[in-house]
Amino acid sequence: MRGRAKKARTVAPLADHGTPERAQHGELVTRETMDAGITGKRVKHECRLDWYLDKGSIIDRQHEAGLRFRRDWHFAAAAPSLVGSYGARISRLAGRQDFSDTQLAARRRTAAAIDRLGRELAEIVVDVCCFDNWASGRLPALRDGLGMLADHYGLPRHARD
């Protein structure tokens with residue numbers, strides 16, 4: 001046994017395809033990772049906005065505006081962290097929670113976007129972007145609202161917009 005040469009192992013490229021349960025939530029698409037030679041997969045439609053973009057119901061600019069609004073909404077609504085902070089604290093009023101400065105900034109950005117949209121369009125945009133509901137017969141209004149959000153965020157217009 002001593003004189004036998006060991007077989008060289010071949011290493012297959014690494015891939016992260018998640019668990020089988022992950023694949024049940026929709027079609028998976030291959031994506032590149034930050035590490036060379038490692039690929040992964042993600043769910044193709046993580047939210048309704050992804051689905052509408054994939055089907056051509058909204059354009060890239062509207063999709064980006066909706067995702068930005070969604071990110072701010074969820075961050076602003078997140079529960080305060082349980083980890084202590086050395087930063088300045090907001091005065092504690094009865095029943096008021098402590099929020100970080102970045103959460104308060106996200107709340108201000110969300111409020112400004114909702115003010116810009118007006119009541120009717122804001123209702124549709126919040127319903128689709130934040131609560132992941134279908135626009136159904138409200139798709140033209142959703143497009144209008146996402147276009148207004150894109151203007152509000154200063155996203156560049158493309159020649160085909």
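Numbering starts at 1 and runs along the sequence shown.
Residues passing the salt bridge (charged side-chain N to carboxylate O under 4.0 Å, His left out) test with D151 are R61, R157, sequence neighbours excluded. When the side-chain hydrogen bond (donor to acceptor under 3.5 Å, both in side chains) test is applied to N133, the partners found at least two apart in sequence or on another chain are D127. By the side-chain hydrogen bond (donor to acceptor under 3.5 Å, both in side chains) test, S136 is found to be paired with no residue, residues two or more places apart in sequence or in another chain being considered. With sequence neighbours left out, the side-chain hydrogen bond (donor to acceptor under 3.5 Å, both in side chains) criterion links H152 to no other residue. Residues satisfying the salt bridge (charged side-chain N to carboxylate O under 4.0 Å, His left out) test with R109, not counting sequence neighbours, are D72.
Applying the ring-ring contact (aromatic ring centres under 6.0 Å, His included) rule to pairs touching residues 110-150 yields W51-W134, Y52-W134, W73-F131, sequence neighbours excluded.
Residues H63 and L146 have side chains not in contact (no heavy-atom distance under 4.5 Å, counting atoms from C-beta outward).
Nearest heavy-atom pair, A135 versus L142, reported as atom, atom and distance to 0.1 Å: CB-CD2, 4.0 Å. Between R108 and D101, the shortest heavy-atom distance links the atoms NH2-O, 4.4 Å. Contact record, T110 with A76: OG1-CB, 4.4 Å, taken as the closest heavy-atom pair. What you find for A113 and Y153 is that their closest heavy atoms are CB-OH, 4.0 Å. Here the shortest heavy-atom pairing between L117 and G145 reads CD2-O, 3.3 Å.
One N or O on the side chain of Q62 and one on the backbone of R143 form a donor-acceptor pair closer than 3.5 Å.
Atom CD1 of residue I59 and atom CD of residue E64 lie 12.0 Å apart, to the nearest 0.5 angstrom. Considering CG of L139 and CD1 of I58, their distance stands at 8.5 Å, rounded to 0.5 Å. In this structure, the separation between SG on C129 and CG on L149 is 7.0 Å, given to the nearest 0.5 Å.
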